[in-house]
Peer 1: 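There's a structure below that I have some questions on.
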Amino acid sequence: MKARDPSLFTRLAVTIALVLAVGAAGLTSLAWYSARTAADEAYDRLLVGAALQIAEALTVQNGELTVDLPLSAFEMLALSDRDRIFYRLVGPKGELLTGYPDLPVPASSGERRDRPVVSDGMFRDVAVRIASVGRSFAGADVQGWAQVVVAQTREARFSLARDLTLNATGLVLIMSGIAFGGVIFALRYSLKPLTRIETALTQRDPQDLTPLSLETPREIRALVGSINHFMSRLGERMELMQRFIADAAHQIRTPLTALSGQVDLLAHETEASRQRHHLERVQARTKQLGRLTNQLLSHAMVIHRREAVPFERIDLVRVARLALRNTVPVSLNPDIVISFEAPDTALPIRGDRVSVREAISNILDNAVQHGAVARLEITLRRSGSSAIVEVHDDGPGIPRSQWALVTQRFAKDPSGRRSGGLGLAITSEVAATHQGQLSFLERDGKGFTVALSFPLADPDEAQ
């Protein structure tokens, strides 16, 4: 079973949710870093303050350096009952005055030993924060720098950083939830025009190809325009198909009826001369029906290729030669002289090779069937920016009064009895599609010429 494609709303919602999740994770990491920094700064002030108080408590009594540890210094650090405090006091000669002898002493910064130094360290396999400050003595009995080192474990700092991070994370999650809810509402509201388009298309009649008329945002107007353009092209195609079906049904019905009648007469006729007569009529009707069927199929092909096949660069001379070879029958009257004249160089045009060949074939077929008596001439030439195919025959030609009619589908002559078929109508459609022109020319009683012209292709265009 084919998996259901996710909707546009789902895709946008999931994408935005992922973006918000990544953003929330990034903000949480930043909050943890900021909280640790803030906790260190807060507790470092207490640690430095305690070290400074202890340093101020150093005194010289009886020629010796002594200290009375102030309780207030340790009370500030004892705000967290989970932390442990370590200290070490070192005299000017490096002697231990009091405290833990193995507590590391941070390196002082430069020559100012009275400036506090704070750093991370390890003491007895426990992570601690160490503050160190020096005090100078210049008496007769004691001279030099005494060093005060105070260390504190990091439990309180970690607890404070965790609480700050949890508070910040809660705010981030609340804001992300509000933002996601707002985005969902905005998506629902923004996608309503697409829903209206879907509803309008679903509820309309299948035969209704009129353009959509909906108020839509500027960003969706191009989509509505594309849908309307597609429906317009589909309507044109359907109209062509319906017209073709109607033409085929109307035009084939008459010769089929006549053919059926001739066959019935032939079946009941016993006289040999009458049988031959009816057989000739059957052959004529069959030939007429075959030619009509070929024209209908040719017309359908040209209609299809007009929209479906892209133009390419083709040589009109080669296409005309192929059309002559495929159109003029081998059984043509040998008394008819056929000539083909073309320039030595190619006549390049842009178009559909099959449609152009069909157009030229229809002109040749019309000349063979209704025009040529003793001569048929095909001439190709260049005239300015056009390539021209001229088909000349020595027949009576088409009366000037009917020139406009013969390019129409199944046009009747003024008597209303004879149909002109589809040949020149197809040629006229191909010429219009290729921005060319179909024209006729009388030669002062010396025959009739049908000319088909096409714009020459750009010489700089790639082959």
Peer 1: Looking at V368, I360, I363, L364, which hits side chain to side chain contact (heavy atoms under 4.5 Å, CB included) with T327?
Peer 2: L364

Peer 1: Is the closest side-chain heavy-atom distance between L194 and L8 below 4.5 Å?
Peer 2: yes

Peer 1: Answer yes or no: is there a donor N or O on one side and an acceptor on the other, between the side chain of S159 and the main chain of E155, under 3.5 Å?
Peer 2: no

Peer 1: Are the side chain of N366 and the backbone N or O of N362 linked by a donor-acceptor pair below 3.5 Å?
Peer 2: no

Peer 1: Specify whether F86 and F123 have parallel, tilted or perpendicular ring planes, treating 30° as the upper limit for parallel and 60° as the lower limit for perpendicular.
Peer 2: perpendicular

Peer 1: Quick one: are L209 and S232 in side-chain contact, heavy atoms under 4.5 Å?
Peer 2: no

Peer 1: First locate atom CG of D315, then atom CG of L347, and finally report the distance between them rounded to the nearest 0.5 Å.
Peer 2: 6.5 Å

Peer 1: CZ/R353 to CD1/I314 distance, rounded to the nearest 0.5 angstrom?
Peer 2: 6.0 Å

Peer 1: Taking side chain to side chain donor-acceptor pair (under 3.5 Å) as the test, write out the residues that go with S453, two or more places apart.
Peer 2: none

Peer 1: Going by heavy atoms in the side chains, are R196 and P193 under 4.5 Å from each other?
Peer 2: yes

Peer 1: Listed by chain and number, what are the salt bridge (charged side-chain N to carboxylate O under 4.0 Å, His left out) partners of R375, not counting sequence neighbours?
Peer 2: E377

Peer 1: Among all residues two or more places apart in sequence or in another chain, which pass the side-chain contact (heavy atoms from CB on, under 4.5 Å) test with D44?
Peer 2: D40, V118, R129, R157

Peer 1: Taking everything shown except E219 itself, do over 12 heavy atoms lie less than 6.0 Å from its CD?
Peer 2: yes

Peer 1: Taking all heavy atoms of L316 and all of A387, pick out the closest pair and write down the distance.
Peer 2: CD2-CB, 3.7 Å

Peer 1: Do V126 and R84 make a side-chain contact, defined as non-hydrogen atoms from C-beta onward lying under 4.5 Å apart?
Peer 2: yes

Peer 1: Can Q437 and S439 be counted as having a side-chain donor-acceptor contact under 3.5 angstrom?
Peer 2: no

Peer 1: Can you check side-chain contact (heavy atoms from CB on, under 4.5 Å) on V373 and D393, steps first, answer last?
Peer 2: CA-CA 7 Å; V373 177; D393 63 72; over 6 Å; no

Peer 1: Between the side chain of H392 and the main-chain N/O of V450, is any donor-acceptor distance below 3.5 Å?
Peer 2: no

Peer 1: Check the pair R357 / N326 against side-chain contact (heavy atoms from CB on, under 4.5 Å), numbers first and verdict last.
Peer 2: CA-CA 10 Å; R357 185 190 66 197; N326 294 340; 4.2 Å; yes

Peer 1: How long is the span from the CG atom in L47 to the CD1 atom in I85, to the nearest 0.5 Å?
Peer 2: 8.5 Å

Peer 1: Would the number of heavy atoms belonging to other residues, nucleotides or ligands and lying under 6.0 Å from CZ of F340 be above 12?
Peer 2: yes

Peer 1: I want to check something: taking the side chain as every heavy atom from C-beta on, are L424 and I398 in contact at a cut-off of under 4.5 Å?
Peer 2: yes

Peer 1: Would you please test D352 and H434 for side-chain contact (heavy atoms from CB on, under 4.5 Å) and show each step?
Peer 2: CA-CA 8 Å; D352 173 30; H434 290 73; 4.2 Å; yes

Peer 1: Could you tell me if the side chain of L187 sits less than 4.5 Å from the side chain of I16, heavy atoms only?
Peer 2: yes

Peer 1: Nearest 0.5 Å please: distance from the CG atom of N228 over to the CG atom of L214.
Peer 2: 8.5 Å

Peer 1: Please identify each residue that fulfils side-chain contact (heavy atoms from CB on, under 4.5 Å) with R36, with sequence neighbours left out.
Peer 2: W32, R154, A161

Peer 1: Would you compute the distance between atom CG of L164 and atom OG1 of T169 and round it to the nearest 0.5 angstrom?
Peer 2: 10.5 Å

Peer 1: Assign the ring pair W403 / F440 to parallel, tilted or perpendicular, where the plane angle (0 to 90°) is split at 30° and 60°.
Peer 2: tilted

Peer 1: Run the salt bridge (charged side-chain N to carboxylate O under 4.0 Å, His left out) test against R400 and tell me which residues pass, sequence neighbours left out.
Peer 2: E442

Peer 1: More than 12 non-hydrogen atoms from neighbouring residues, nucleotides or ligands closer than 6.0 Å to CZ on R188, yes or no?
Peer 2: no

Peer 1: Taking atom NZ of K192 and atom CD1 of I220, what is their separation to the nearest 0.5 Å?
Peer 2: 13.0 Å

Peer 1: Within the supplied structure, the quantity of interest is the number of heavy atoms (other residues, nucleotides, ligands) at a distance under 6.0 Å from R318 CZ; does it exceed 12?
Peer 2: no

Peer 1: Please check: side-chain N/O of S176 versus main-chain N/O of V172, any donor-acceptor pairing under 3.5 Å?
Peer 2: yes

Peer 1: Quick check: closest heavy atoms across A127 and M122, and the distance to 0.1 Å?
Peer 2: CA-SD, 3.6 Å

Peer 1: Could you tell me if the side chain of S355 sits less than 4.5 Å from the side chain of T433, heavy atoms only?
Peer 2: no

Peer 1: What closest approach, in Å, do D83 and A156 show between heavy atoms, and which atom pair accounts for it?
Peer 2: OD2-CB, 2.7 Å

Peer 1: Taking side chain to side chain contact (heavy atoms under 4.5 Å, CB included) as the criterion, tell me which of L452, T379, L324, L376 meets it with V391.
Peer 2: L376

Peer 1: Taking only residues two or more places apart in sequence, or in another chain, which ones meet D394 in a salt bridge (charged side-chain N to carboxylate O under 4.0 Å, His left out)?
Peer 2: none

Peer 1: Are any side-chain N or O atoms of R382 and backbone N or O atoms of L456, one a donor and one an acceptor, separated by less than 3.5 Å?
Peer 2: no

